[in-house]
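Quantities reported herein were computed from a predicted structural model and do not represent experimental measurements. Order of the sequence lines sets the chain letters (A, B, ...), proteins ahead of strands, with each chain counted from 1.
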Amino acid sequence: MNSLGRVTLLEAEFFNRDPRRVARELLGKLLVRKTPRGILAGRIVETEAYLGQGDAAAHAAAGRTARNAVLFGPPGRAYVYFIYGNHYCLNVSCLPDGMPGCVLFRALEPVNGTEQMAKARGIELARESGLKNISLLKKISSGPGRLTAALGITRERDNGKSLASPRSDLRIADDGYRVRRTVATPRIGVVKAAEQPLRYVIAGNPFVSGRSL
DNA sequence: TACATGATGCCCT
DNA sequence: GGGCATCATGTAG
């Protein structure tokens, strides 16, 4: 995986656990997308856990349907859905085959291919100062709909794809980055089961959606 | 076949 | 801070 230095790619077993644990441990890892034009990567700074039965806010709560079938399959698969007529959201399935549960990717800090991601979002980075303008960089991938647009993720292309396969163009990498402290808060945009603190962010990171914590 | 709704983001005040 | 675009999906009828 050139230009990212020495990294370890996560395998399916990493995702074969409770979504709450996976969500917290994904913080600080890299979401990596291979494209014909280069490698795009962002550091995961915000996630949310969605459980199975008993989690009224989860897509899996009402049981298996054609849309959410990936959630009931093996761990480490991309679950991509379309929302509000405009946006895609990316999740990764957790737990063994047959047990639903997933983690929603909510925000990335651009790490590699920043210009290409900005372009995919319709954002112009000034030639000199663009890569230092935090408020502008934050618009690239801080939000679940934003990061999928930045990485070119769609349901048609990516739903059901393994994030843990050597052939996949969408992977999670560990580059050794150490997260100092994480914070758990209620999930965003959900009305049911909103009281549980299942949203995880890297404390103090400016690239989380909303204000930094 | 119809309809309500949503794990959002953007633009306007 | 609030309104709204825009459509796939699930459920009711």
Side-chain angles (χ1 to χ4, degrees), chain A residues 15 18-24 26-27 31 42 44-73 75 77-95 100-110 117-125 133-160 163 170 182-201 206-213:
Chain A
F15 305 97
D18 186 293
R20 287 165 287 206
R21 177 122 185 250
V22 176
R24 198 183 277 276
L26 278 174
L27 294 177
L31 179 59
I44 300 161
V45 299
E46 177 178 347
T47 58
E48 277 178 4
Y50 285 86
L51 316 178
Q53 62 176 53
D55 182 0
H59 285 186
R64 182 179 185 137
T65 67
R67 175 169 75 148
N68 68 20
V70 173
L71 296 179
F72 291 80
R77 303 293 176 88
Y79 170 54
V80 184
Y81 64 90
F82 192 59
I83 190 77
Y84 295 123
N86 290 310
H87 311 287
Y88 291 99
C89 292
L90 171 67
N91 306 251
V92 59
S93 62
C94 298
L95 296 170
C102 66
V103 173
L104 168 68
F105 295 88
R106 283 198 56 90
L108 303 176
E109 173 179 347
M117 289 191 279
K119 194 173 180 183
R121 291 266 301 115
I123 294 170
E124 283 290 333
L125 294 179
N133 186 336
I134 299 289
S135 64
L136 198 55
L137 291 176
K138 182 170 170 170
K139 293 184 194 299
I140 295 175
S141 52
S142 66
R146 290 175 172 184
L147 71 89
T148 53
L151 296 180
I153 291 168
T154 66
R155 177 173 174 87
E156 294 69 30
R157 270 166 66 173
D158 301 297
N159 189 54
L163 302 189
L170 198 56
T182 63
V183 179
T185 80
R187 292 177 291 191
I188 305 289
V190 303
V191 288
K192 299 167 228 169
E195 69 287 352
Q196 301 182 70
L198 295 177
R199 168 177 176 250
Y200 305 94
V201 305
F207 292 92
V208 302
S209 68
R211 69 179 190 287
S212 112
L213 296 171

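For the atom pair CD (Glu46(A)) and OG1 (Thr185(A)), the distance works out to 7.5 Å, reported to the nearest 0.5 Å. Rounding to the nearest 0.5 Å gives a distance of 12.5 Å between CD1 of Ile140(A) and NZ of Lys138(A). Atoms CD and SG, from Glu48(A) and Cys89(A) in turn, are 9.5 Å apart once rounded to the nearest 0.5 Å. The CZ atom of Phe105(A) sits 8.0 Å away from the OG1 atom of Thr47(A) when rounded to the nearest 0.5 Å. Note that CD1 of Ile44(A) and CZ of Phe207(A) are 15.0 Å apart. Values are rounded to the nearest 0.5 Å. Interatomic distance, Ile188(A) CD1 to Leu198(A) CG, rounded to the nearest 0.5 Å: 12.0 Å.
Of the residues in residues 53-61 of chain A, those lying under 4.0 Å from DNA chain B by heavy-atom distance are Ala57(A), His59(A). The stretch residues 140-151 of chain A has no heavy atom under 4.0 Å from DNA chain C, so no residue of it qualifies as close.
The minimum heavy-atom distance between Cys102(A) and Asn91(A), with the atom names listed, is SG-OD1, 3.6 Å.
In terms of modelled atom types and a separation under 3.5 Å, the side chain of Asp55(A) and the main chain of Ala61(A) share no donor-acceptor contact. In this structure, Arg121(A) contributes its side chain and Lys139(A) its backbone to a donor-acceptor pair below 3.5 Å. Checked by atom type and distance alone, the side chain of Arg106(A) never pairs as donor or acceptor with a backbone atom of Val201(A) at under 3.5 Å. Side-chain atoms of Ser93(A) come within 3.5 Å of backbone N or O of Arg77(A) as a donor-acceptor pair. A donor-acceptor contact shorter than 3.5 Å is absent between the side chain of Ser141(A) and the backbone of Ala150(A). Asn68(A) contributes a side-chain N or O that, together with a main-chain N or O of His59(A), makes up a donor-acceptor pair within less than 3.5 Å.
The only option from Leu26(A), Leu90(A), Val92(A) that meets the side-chain contact (heavy atoms from CB on, under 4.5 Å) definition with Leu31(A) turns out to be Leu90(A).
Atom pair Arg187(A):CZ and dT8(B):C1' shows a separation of 16 Å (rounding to whole Å applied). Atom pair Asn91(A):CG and dT8(B):P shows a separation of 11 Å (rounding to whole Å applied). In this structure, CD1 of Ile153(A) is placed 16 Å from C1' of dT8(B), rounded to the nearest angstrom. One atom, CG of Asn159(A), and another, P of dA7(B), lie 16 Å apart when rounded to the nearest Å. Across the protein-nucleic acid pair, Tyr81(A) atom OH and dG10(C) atom C1' stand 15 Å apart, rounded to whole Å. The interatomic distance linking Leu198(A) (CG) with dA7(B) (C1') rounds to 12 Å, in whole Å. Across the protein-nucleic acid pair, Leu71(A) atom CG and dT9(C) atom P stand 14 Å apart, rounded to whole Å. Atom pair Lys139(A):NZ and dT8(B):P shows a separation of 18 Å (rounding to whole Å applied).
Counting non-hydrogen atoms under 4.0 angstrom, Arg121(A) reaches the backbone sugars and phosphates but no base.
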Pull out every protein N or O sitting under 3.5 Å from an N or O of nucleotides 11-13 of chain C, one pair per line with the distance.
none

Please list, pair by pair, any protein nitrogen or oxygen found under 3.5 Å from a nitrogen or oxygen in nucleotides 6-8 of chain C.
unit_1, atom_1, unit_2, atom_2, d
dT6(C), O2, Tyr84(A), O, 2.4

Writing each nucleotide of DNA chain C 5' to 3' as (, ), [, ], | or . by Watson-Crick or G-U pairing under 3.5 Å yields |||||.||||||.

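Side-chain nitrogen and oxygen atoms of Arg106(A) include at least one within less than 4.0 Å of the OP1 or OP2 phosphate oxygen of dT8(B).
The neighbour count for Glu156(A) CD, taken as heavy atoms of other residues, nucleotides or ligands under 6.0 Å away, is above 12.
By the side chain to side chain contact (heavy atoms under 4.5 Å, CB included) test, Pro19(A) is found to be paired with Ala49(A), Leu51(A), Cys94(A), Leu95(A), Val103(A), residues two or more places apart in sequence or in another chain being considered.
Here dT8(B) is the nucleotide among dA7(B), dC10(B), dT8(B) with the atom lying nearest to any side-chain atom of His87(A).
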